[in-house]
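Computed from a prediction, not measured in an experiment: that's the story for all the values here. Throughout, residue positions are numbered sequentially from 1 according to the sequence presented.
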Amino acid sequence: MPPIGTSLNDNLLQYNKNNLNPVPTIAVICPNPAIDVTASSRSFSLGDNVAGAATNMRAGGKGTNVACVAADLGAAPKLVAPLGGKTGAAFRDLLDPRVSLHEISVHGDTRLCLTLASDGVITEIRGSGSAVSESEWEAFIVAAQEASASADATAICGSFPAESPVQWIQELIAAVTCPKVYVDTSGTHLAKAAECAGITIAPNFDELQALCGDTLGDKEPVYPLVPPSDRSAHAAGLVSMQQQKTAGLQVLATLGEAGAGLLVEEQWHMAVPPEVHGNTVGAGDATLAAFILAQVRGLSPSAALKYAVASGASAVVQPVAGHISPADVTRLESQTSLLSVAVDQDGTVG
């Protein structure tokens, strides 16, 4: 059995302490940024007139969350985002000043997203985002290429604006020049990204099932009724299938309260966090941000996975998405468990 720390890919994981950048630069490409509004109340139902709810408004979207968590973890993030209208101006004003903004002006308004939190139940209402023109998209591609040229890693995160052609994700990936590329999107854009060798994709469990056609080999479809206790084994098989389809693809599977998994040379490595309670919105973004930084800093796959899952758990206990506590990460990392099992060529977990 190969050790948990076996190299994933020479271009993606190089451990050289003498050449580590003490302040890694992470370029985050965010095609569809948002103003995130969070409203929290002890108890309410749709149709109620709720008074006294706690509210928060922040610059958001998956890419923004990743950039802000990267800043919390000591990186120098660069965010490439198309912004327009009054909401675009608000996004600019609300963005964490530690994040360097590379803005592309567009004609449409930046979208709004709403999170309703009540007694531990989270409801997300996401705006679709205004369509962008061909010329605006071309300017965005140029900005992404320039930002990634001097970065230690590049993350392409979040949804795409309305009416975006599916090939736009591959255009973005092709424009990135640094060797470490991470993609966290969904739907047809995720499927297109998964065809690209040499990158890392970061689907959650539902996205992973949809990507793999909801089946595991010749077994009956199980989507979306897999209980949390069975998700790790099922995810291992799905990741194995996908990595056999696309040579050189790395899959970081985020599994919510079950943690996250990584398949390395037929070994399924799983990190499981301690039980935490709070706002789960953005936990996957924090997991990805920490995983990127861990790989940039040369950590082994198992160490990177454990650090990433602890960071995701830290995000859950924060009041809003897009932040973690480094002190919490250290504490939670010591309570995060690791396991490793063999995975056969047919996706069966040994």
Roughly how far, to the nearest 0.5 Å, is the [atom2] atom of [Y] from the [atom1] atom of [X]?
X      : Y      : atom1 : atom2 : answer
Ser186 : Glu207 : OG    : CD    : 5.0 Å
Cys68  : Leu73  : SG    : CG    : 11.5 Å
Ile29  : Ser148 : CD1   : OG    : 6.5 Å
Ser300 : Gln295 : OG    : CD    : 10.0 Å
Met241 : Leu211 : CE    : CG    : 9.0 Å
Leu172 : Gln167 : CG    : CD    : 11.5 Å

Among residues two or more places apart or on two chains, list those pairs meeting salt bridge (Lys or Arg N to Asp or Glu O under 4.0 Å) that have a residue in [range].
range            : value
residues 232-249 : none
residues 313-329 : Asp328-Arg331
residues 303-324 : none

Do the side chain of [X] and the main chain of [Y] share a donor and acceptor less than 3.5 angstrom apart?
X      : Y      : value
Ser133 : Glu136 : yes
Glu146 : Ala143 : no
Ser130 : Asp109 : yes
Arg111 : Pro33  : yes
Ser314 : Ser325 : yes
Asn56  : Thr38  : no

Any donor-acceptor pair under 3.5 Å linking the side-chain atoms of [Y] with those of [X]?
X      : Y      : result
Glu195 : Thr246 : no
Asn204 : Thr254 : no
His269 : Ser302 : no

Check whether [X] and [Y] end up in the same hydrophobic cluster, where Ile, Leu, Val, Met, Phe, Trp and Tyr are linked by side-chain heavy atoms less than 4.5 Å apart.
X      : Y      : answer
Val239 : Leu339 : yes
Val121 : Val50  : no
Val106 : Ile141 : yes
Val320 : Val66  : no
Val80  : Val176 : yes

Test salt bridge (Lys or Arg N to Asp or Glu O under 4.0 Å) applied to Arg126 - qualifying residues, sequence neighbours left out: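 With neighbours one apart ignored, the set is Glu124.
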
Does [X] reach the side chain of [Y], with side-chain heavy atoms less than 4.5 Å apart?
X      : Y      : value
Leu262 : Val251 : no
Ile122 : Thr115 : yes
Leu79  : Ser100 : no
Pro31  : Pro161 : yes
Leu94  : Met57  : yes
Ser159 : Thr185 : no
Ile324 : Val329 : yes
Cys157 : Leu288 : yes

Test of understanding: with side chain to side chain contact (heavy atoms under 4.5 Å, CB included), list the residues that count as partners of [X], not counting sequence neighbours.
X      : result
Asn65  : Arg58, Asp285, Ala321
Ile173 : Ile156, Ile169, Val183, Ala193, Cys196, Ile199
Ser240 : Gln244, Leu263, Val343
Ala153 : Ile26, Lys180, Tyr182, Ile292, Val296

Show every donor-acceptor pair shorter than 3.5 Å between a side-chain atom in residues 271-280 and any protein atom, with sequence neighbours excluded, or say none if there are none.
| from | atom 1 | to | atom 2 | distance (Å) |
| --- | --- | --- | --- | --- |
| Glu275 | OE2 | His277 | NE2 | 3.1 |
| Asn279 | OD1 | Val281 | N | 3.0 |

Sequence neighbours excluded - side-chain hydrogen bond (donor to acceptor under 3.5 Å, both in side chains) pairs with any residue from residues 70-79: Asp72-Arg98, Asp72-His323, Lys78-Ser150

Partner residues of Trp137 under the ring-ring contact (aromatic ring centres under 6.0 Å, His included) criterion, sequence neighbours left out: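 So Trp137 forms a ring-ring contact (aromatic ring centres under 6.0 Å, His included) with Phe140, Trp168.
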
Residue list, ring-ring contact (aromatic ring centres under 6.0 Å, His included) with Phe160, at least two apart or on another chain: His189

